[in-house]
Amino acid sequence: MSELTAEGGHGAVPLKDVPADKGGATTQREWPLYEVFVRGKRGLNHVHVGSLHAADDEMAVRHARDVYTRRNEGVSIWVVRADAITASSPDEKDPLFAPSGDKVYRHPTFYDIPADVPHM
Amino acid sequence: MTATHHETHDEPQAVFDATIERGDRIEPRDWMPEGYRKTLVRQIAQHAHSEIIGMQPEGGWITRAPSLRRKAILLAKVQDEAGHGLYLYSAAETLGVSRQELTELLLAGRQKYSSIFNYPTLSYADVGTIGWLVDGAAICNQVPLCRTSYGPYGRAMIRICKEESFHQRQGYELLSTMMRGTDEQRAMVQESVDRFWWPALMMFGPPDADSPNTAQSMAWGVKRNTNDDLRQRFVDMSVPQAEALGVTFPDPELRWNDERGHYDFGTPDWDEFMQVVQGNGPCNAQRIAHRRRAHDDGAWVREAALAFADKQAAAVGEGR
Amino acid sequence: MSHGTPDPNAATGSVYDGLLEHHDVVGDDSAWAFGTDFEDPLAGVDTTVPDGVDAAELAAYCLMLGDDALVMSHRLSEWASNAPDLEEDIALANTALDLLGQARLLLARAAAADPSVVPALPEGSPVPAEDALAFFREAGDFRNVRLAEVPVGDFAHTVVRLLLFSTARLAVLARLRESRDPVLAAIAAKGVKELTYHRDHAGRWFLTLAQGTDESRRRLLAALDEVWPLHAELVSAHPTETAVAAAGVGVDPSEVAAEVDVVLEQVLAVSGVDRPEKGALAGVRGRTGRHGLHTEHLSRMLAEMQVVARAHPEGLW
């Protein structure tokens, strides 16, 4: 019987020989990734609640309201493009001699695709 | 875990091992073994795909929901599933794969989703049964993952588990309401439970003896319980719920075992399971075709939004 | 929501303890069970009809506004699992849920004002009034505008339809906040916040599609052409609307026509789109959606929507 994992969702799914990367370019350009920060009520800090994709800042705010707050009124939202964040987290044990300020994730979206390349 | 005994704690593998050993979380910028990263991507991706494909069997009943309250509940639930998929794809993205990449792998049939969603939904009672049994089984699988070793995955799972428990309750509540209704409704509930019981048990995967990858995943803290443990826990949990509901499970071997302190139960049809896993389930082709159509139909919209954003950015640039 | 349910999580309770203290989820539990948190939408509300208001007219008017929301919500809900991206799937579901919530309140208000509008069901049927109205009326008894009922079309079609629908409905509900019927006034106040969001969302997409790619502009213009003839009905008055407006209970939609036009003109101008020249879709001897004269699409839509409920007229859901 092939290898299956039961955890990680709604049941056993074969994982043997399943690729973890596509290996090669995707066929479509993707909306950039945004990080979402929400202040639940006055007096609190904004807290990172998750990510989403949006074509631009304004849509990112709209989506953030829909996805992360269900349009709860009186909630303050910040969105910022993930590739605009510079990160420093010595606790996360960067490899020795890594630059002290770096990107937050290993995001593939950090590789800028020129806008004039079709279907990237 | 011999690495934890190394003197040179700056060595990445040793740091990684020590973090796991402490029960601490691995975060995206940490060094991690490639096998760990790939295992996580595979697992998170199949979970994300399952959420998105899982919108279909129930989503098909939104337009036929028999009361406005049920329609609102079901629509909110299917919407939650889109949210779960979104959180999980985001978690996978911290490991260097994009949502688009994973979607393409799904549509190409190279990554899978849970087989349970390849079974058809044939009556409104199925909405309740999926909530009660399928989401119930999913909770058994998912709750331990809130403590999974990879930080972003665990955080996504906390949010998801909270909502899944609502999903299970609404399913059970729908069924128990229907059981207080007419004879036809009670028969509809029993018929639905009869169809979903065995597929729900199969959700936990083949017996441990046949799941060779479990050991490594458990050592890494990616997976935290064995298939058989989780299945037993699910059966023990479900039997009293079925009794309270007034339905039976279609298993003549199901009975309490005083000695073990657990319910004994029969063996699922693993041949059927493998058939469905291999793509021959009642709805495999339909589910993927639906997903592909939605993705393809949306391509021009996604492109338009990007093109508009590019033009806005260019206009701002010129204005400077 | 269920009370006697055995706790399915008892065996793994410790993990849930942590969830309860989890602070990054905004708001309380009701926030994500959006629009699903009540059994009787008007529970605890005083539904007495104000002095000098014709209860039958009030009920007929509530059905018009309620059916608009119900049918539009149904069409929007068809996007579930079909939207261009996950974020938009969630946004459209929110909009559908908002309108469904408005529909429930309005249908319940109609039934409370004049119980004779509710279709008769077998003796002892547990089907509540809002559901009897939604699931046991024939197409000819629905009072929604035809714009709400036409099939869902592509994303551009939905954007145009939602823009026209929410712009007009927002203008109506903004005035309805002053209704002499406190129930209607309260429903309107809630709806205004929701519709403002719907209109802005649709307006933003209208601009995006108009200025995006050649393909998106082509599709948007085609959708606008197709939907525009249905616009006039949104801002024309049926005699019931005229009557309730005169009584200070409702709003005459023809009175918001100019205001609606200003908003639409703004969206068209900023998007660089000309106003379509197509005239209004004709009725039949002057009868349109508000009179119960619909397109061929409504009865098909209802056949699907009502199929389960009608098979179980004494069903408990």
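Because the structure is predicted, anything quoted here is derived from the model rather than measured. So that the names make sense, note that chain A is the first sequence line, chain B the second, and so on, each numbered from 1.
- Shown here is A/Trp78, whose CH2 atom has no more than 12 heavy atoms of other residues, nucleotides or ligands within 6.0 Å.
- With a 4.5 Å cut-off on non-hydrogen atoms, B/Phe117 touches chain A through its side chain but not through its backbone.
- For chain A, no part of B/Phe16 is nearby; none of its heavy atoms comes within less than 4.5 Å.
- Residues B/Leu105 and A/Pro19 approach most closely at CD2-CG, 3.7 Å, considering heavy atoms.
- Between B/Phe308 atom CZ and A/Glu58 atom CD the span is 7.5 Å, to the nearest 0.5 Å.
- Taking both residues in full, the closest heavy atoms of A/Ala55 and B/Ala309 are given as O-CB, 3.2 Å, listed atom of the first, atom of the second, then distance.
- Interface residue B/Leu306: backbone and side-chain heavy atoms are both found under 4.5 Å from chain A.
- Remark: the A/His53 side chain and the B/Gln100 side chain contain no N/O donor-acceptor pair separated by less than 3.5 Å.
- Proximity of a side-chain donor or acceptor of B/Arg42 to a complementary backbone N or O of A/Val18 within less than 3.5 Å is detected.
- You'll find the side chain of B/Asp310 reaches within 4.5 Å of the side chain of A/Arg29, heavy atoms only.
- If you measure heavy-atom distances from B/Arg99 to chain A, the contacts under 4.5 Å come from both the backbone and the side chain.
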Go through the steps for B/Leu86 and A/His63 under the test side-chain contact (heavy atoms from CB on, under 4.5 Å), then give the verdict. CA-CA 12 Å; B/Leu86 192 155; A/His63 289 323; over 6 Å; no
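- Taking all atoms of both residues into account, the shortest heavy-atom contact from B/Ser98 to A/Glu30 is CB-OE1, 3.1 Å.
- The greatest number of non-hydrogen atom pairs below 4.5 Å with chain A, out of B/Arg231, B/Lys38, B/Arg110, is found for B/Arg110.
- Between A/Asp21 and B/Arg37 there is a salt bridge, since a side-chain N of the basic residue sits under 4.0 Å from a carboxylate O of the acidic one.
- Taking chain A as the reference chain and counting heavy-atom pairs below 4.5 Å, the highest number among B/Gln111, B/Gln278, B/His84 is found for B/Gln111.
- Taking every heavy atom of both residues into account, B/Arg302 and A/Trp31 meet most closely at O-NE1, 3.0 Å.
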